[in-house]
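Reckoned from all heavy atoms, side chains included, excluding hydrogens, waters and symmetry mates. Labels below follow one simple rule: chain letters A, B, ... track the order of the sequence lines, proteins then strands, and each chain is numbered from 1. Quick caveat: nothing in here was measured; it's all calculated off a predicted structure.
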Amino acid sequence: MTFGLISTIVVFILLLIIGIPISLVLAITSLAYLFISDNLTLLATVPQKMFSGMDNFGLLAIPLFMLAGELMNFGGITSRLIQFAKVLIGHFKGGLAYVSIIANMFLASILGSANAQAAMMSKVMVPEMEKEGYSREFSSALTLASSVVAPVIPPSMLFIIYGTLTGASIGDLFIAGIIPGILLGVGFIIVIGLMNAKENFPRSERGTLQEIFKSFLNVLPALLIPFIIIYGILSGIFTPTESAAVACIIAVIIGFSYKQLKINSLPEILLNTVVNTATITFLIVTANLFGYIIAYEQIPQLMAESMLSISENPLVFLLLVNILLLLLGTVLDGIAALIILVPVLAPLLTTYQIDPVHFGVIITINLTIGLLTPPVGTGLFIVSSVAKVKIESLVKAITPFLITTIVILMIITYWEDAVLWLPSLINK
Amino acid sequence: MKTLSNWVEKIEKVASILLMAAITLVLFTAVVYRYFLNAPLFWANEASIFMMTWLTFLGGSLGLKYKSQASITFLVDRFSEGGKRILLIITHIVILAALALLLYLSYEWILNLSPQKSSSMRIPMWIPYLSVPVGLTFAFIHLLDYMIDLIKKTPKSSDAL
Amino acid sequence: GGGGGSSEEASSGGDGGDAEGETYEFKLGHIAPPDHIWNEAAQKFAEELEERSDGRMKVELYPGGQLGSDSDMVQQLEAGSLDFGFITNAFLTSKSDAFSAWFAPYLFDSYEAALEASKSEEAKNILATLDDQGIKALDIFFSGHRTMMFREKVEKPEDLEGLSMRVTPSPALEDFYRSLGVSPESISLPDVYQSAQTGVIDGMDMDLDAAITSNYNEVTGYGALTNHMVWPSVMIINKALYDGMSEEDQKIVEESMAAASEFATMKRASQEEEFIKTLEDRGMEIYEIDPALFEKQMNEFDEKYKAMDPLIADFIDTFRK
Ligand code: NA
Ligand code: NA
């Protein structure tokens with residue numbers, strides 16, 4: 001490691017611990033690196049790279065699903081949905097925690113991005129769980145962890161981009177994600193079960209048949225939203241990103257029909273959405289700048305090359321890749337990391353005879369884990385800002401789920417069939 | 001400075017609300033036009049993206065004013081009131097210096113753009129690009145205002161970044 | 001130095017003044033993946049440069065959009081933080097209208113014809129329109145003529161009426177499709193697969209290579225080998241860097257580009273049969289549509305674009321047979 005790189009890392013850590021907003025830390029570190037490494041010609045490119053961080057249609061899902069979540073909350077839609085789930089399974093100890101996981105897996109089959117899902121669910125689920133008596137830290141951590149399933153269960157932005165970069169079949173990737181996605185859900189349910197034994201999770205009253213029926217009638221209009229979204233995407237009426245806009249419009253209509261949403265509360269809802277969105281998208285802007293400088297200096301490639309010179313065994317290779325990605329995932333996550341790393345790693349797959357679809361699932365879960373790990377984890381920032389929980393407390397509360405995710409990552413890394421069996425079945 | 005910052009805040013709020021509503025309506029209308037009227041709005045995607053960039057930089061500036069941007073505070077929390085104030089002054093000097101540099105760079109950039117039109121709507125690219133210098137300028141105004149307050153009086157303890 | 005951020009005075013050869021005194025460490029960026037023909041062109045260019053300069057010129061490659069989009073890279077080329085870029089002609093139409101000339105439908109019937117045209121005076125004049133923007137466009141190569149892929153078979157231009165198709169955002173392409181009664185959609189590339197799968201779009205304007213790597217055959221069963229447009233990739237250098245080079249070095253760069261251009265274009269031409277077979281093996285029905293059926297749309301395009309810019313008029317007049 002060069003002197004420049006080390007001093008940059010020191011600057012980065014220093015800025016971070018003195019409490020500068022992380023988005024600005026990324027920008028200032030990037031600028032500092034350009035000075036330290038005497039790369040001043042790159043300065044002129046900084047504004048353009050900040051702009052192009054947002055120049056991506058897929059990112060529109062963030063504000064739109066955030067707005068849909070806000071509208072569903074204001075309009076009384078969310079509370080009815082959760083009420084319905086609660087009368088069904090809430091009387092188990094820790095029932096609402098299970099409801100959250102199931103709801104997340106359900107939502108994952110609509111959304112393609114963990115960030116969008118974390119944004120929406122933390123808005124919806126955390127206040128609800130808090131009301132029931134769960135701690136806010138636990139509720140936020142559970143919501144954040146379960147958002148990992150979003151890009152694993154189809155549809156998935158990461159799979160689409162990976163498929164485009166490597167030529168792996170996107171259809172196969174989608175199908176390959178189903179079992180790992182379910183494994184993740186089951187893993188989290190087991191964690192809750194174990195925690196349930198130790199901690200005293202709340203339970204709700206058991207609902208009578210009458211209550212269940214009444215709550216079902218009540219929730220029927222609200223169920224229109226996921227129904228229209230799923231039907232609309234599957235039948236080609238709109239793309240997943242557009243579905244978010246459609247969800248907003250339906251949420252407004254249903255909110256009005258429940259008589260809980262008022263026209264004059266719309267400006268406040270919109271403004272809240274923008275401020276919450278911008279804390280995330282502004283971070284994407286500076287992360288894009290940071291990612292550009294890392295790419296320009298070919299840092300991931302250097303790391304990859306030095307690690308990969310260690311062994312020729314594919315199993316060792318996969319372990320090293322996992323370690324590399326988990327490490328890089330602490331400072332990079334999502335699409336930027338994918339774009340930087342896949343071109344480096346993909347050519348090695350032929351050498352090690354690793355199936356590109358299998359590898360795609362591994363890399364996707366890895367990069368999604370990166371959303372949960374400090375210091376740079378967009379998922380952490382989103383949930384922390386939406387649910388108003390300190391990053392440190394969130395990191396602490398999420399650790400059991402993080403460990404579970406890593407265990408499942410290891411399982412699917414070495415048990416190839418968990419990923420490849422379903423696609424092979426369908427391709428027959 | 002205070003008045004300027006509050007005035008900027010008002011502009012940001014109104015613009016944000018309008019942009020967010022417009023994005024939603026444009027994309028919804030695009031679906032209606034394509035599926036029901038069989039006449040897709042070719043410009044809808046690009047227009048939404050450009051509005052999102054404006055929303056990001058204006059909203060990002062608001063987020064800095066409201067101190068809602070994510071940060072790590074475990075160390076800051078351990079300081080006494082006085083220590084915290086000094087630390088906040090230091091961090092704001094660092095941030096303002098960096099913002100000043102970014103501002104300089106983005107005005108250099110926007111004023112020396114070579115001609116380029118957007119790919120769908122064919123509008124000049126300075127229209128979306130302008131969001132960068134404008135958002136950064138507004139953020140600079142908010143933080144400078146906060147910095148002046150800091151120097152003049154002790155901040156409330158909840159004001160940690 | 002030569003003006004570019006990464007060129008340096010010779011350190012090995014003593015003073016930088018002698019004829020072979022400059023050593024260069026160039027950076028070259030493009031948006032195509034590492035195993036794409038574009039990157040083969042980049043590698044070939046790097047080899048040629050190194051060989052022709054006796055090792056004085058080395059190139060570091062940044063494929064796959066690592067440094068950003070076409071728009072980002074052009075900005076970097078202007079600012080000098082990037083030395084070379086391969087940029088799509090479609091993007092360059094947003095910097096200078098004249099580049100639309102290349103999208104005149106059915107102007108070239110083979111890769112050879114397009115390559116030959118790229119060496120013409122008319123083509124050079126179009127490249128020169130970027131000279132006042134801090135960059136110098138030196139050469140062109142061709143990868144994958146455009147074809148049309150459909151969810152349901154389209155056999156004649158009339159069948160296209162009322163369809164919505166994904167088209168690379170560029171007015172020239174859109175105008176051609178609109179003249180066919182198609183609604184062009186600007187769905188972003190990562191969304192194209194799913195949009196075709198679910199039927200948000202009825203088809204796409206695509207090349208065979210991309211169809212293979214992105215598995216579009218899974219979602220569009222019919223491929224019409226229309227080859228209605230060529231797909232030029234423009235090879236660009238930072239202008240200050242170029243102007244600061246000795247004449248010999250400029251010549252080395254230009255000759256290396258020409259060699260890479262010919263290599264990539266001809267290699268891509270030779271792959272045509274293989275690509276068709278791959279898609280057919282995957283179950284796609286590949287067929288042809290008689291270009292003569294599109295005569296009305298050709299005339300419409302020529303008329304509109306010739307009026308737009310005299311350079312386009314010259315270009316079309318020279319090559320329309
Ligand atoms: Na998903
Ligand atoms: Na991380």
*Which heavy atom in C/Asp72 sits nearest to a heavy atom in A/Ser52, and how many Å separate them?*
OD2-OG, 2.8 Å

*Could you check whether the rings of A/Phe174 and C/Tyr193 sit parallel, tilted or perpendicular, using 30° and 60° as the cut-offs?*
perpendicular

*Keeping to residues at least two apart or across chains, list the salt bridge (Lys or Arg N to Asp or Glu O under 4.0 Å) pairs with something in residues 232-250 of chain A.*
A/Glu242-B/Arg34

_Less than 4.5 Å to any heavy atom of chain A: does that hold for the side chain of C/Glu78, its backbone, both, or neither?_
neither

*Going by residue number, which parts of residues 86-96 of chain C are within reach of chain A, meaning a heavy-atom gap below 4.5 Å?*
none

*Below 4.5 Å from any heavy atom of chain A, which atoms of C/Ser195 appear? Answer side chain, backbone, both or neither.*
side chain

Give every donor-acceptor pair under 3.5 Å between a side-chain atom in residues 361-368 of chain A and any protein atom, sequence neighbours left out.
from	atom 1	to	atom 2	distance (Å)
A/Thr364	OG1	A/Gly360	O	2.8
A/Asn366	ND2	A/Asn322	OD1	2.5
A/Thr368	OG1	A/Thr364	O	2.5

*Tabulate, in ascending numerical order, the residues of residues 197-208 of chain C having at least one heavy atom closer than 4.5 Å to a heavy atom of chain A, or enter 'none'.*
C/Thr198, C/Gly199, C/Val200

_Counting only heavy atoms not in C/Glu60 (residues, nucleotides, ligands), do more than 12 fall under 6.0 Å from its CD?_
yes

_Side chains of C/Gln76 and A/Lys49, heavy atoms from C-beta outward: is any pair under 4.5 Å?_
yes

*Separation between CD1 of A/Ile293 and CG of C/Leu67, rounded to the nearest 0.5 Å*: 11.0 Å

*For C/Glu218, is it the side chain, the backbone, both or neither that has a heavy atom under 4.5 Å from a heavy atom of chain A?*
side chain

*Which one, A/Asp55, A/Leu43, A/Leu42, leads in non-hydrogen pairs under 4.5 Å with chain C?*
A/Leu42

*asked:* Taking the side chain as everything from C-beta on, heavy atoms only, tell me whether C/Ser71 gets closer than 4.5 Å to A/Gln48.
replied: yes

*Is atom NZ of C/Lys153 surrounded by more than 12 heavy atoms (other residues, nucleotides or ligands) closer than 6.0 Å?*
yes

*Residue part contacting chain C, namely of A/Thr239, when any heavy atom lies under 4.5 Å*: both

*Which heavy atom in C/Ser81 sits nearest to a heavy atom in A/Tyr296, and how many Å separate them?*
O-OH, 2.8 Å

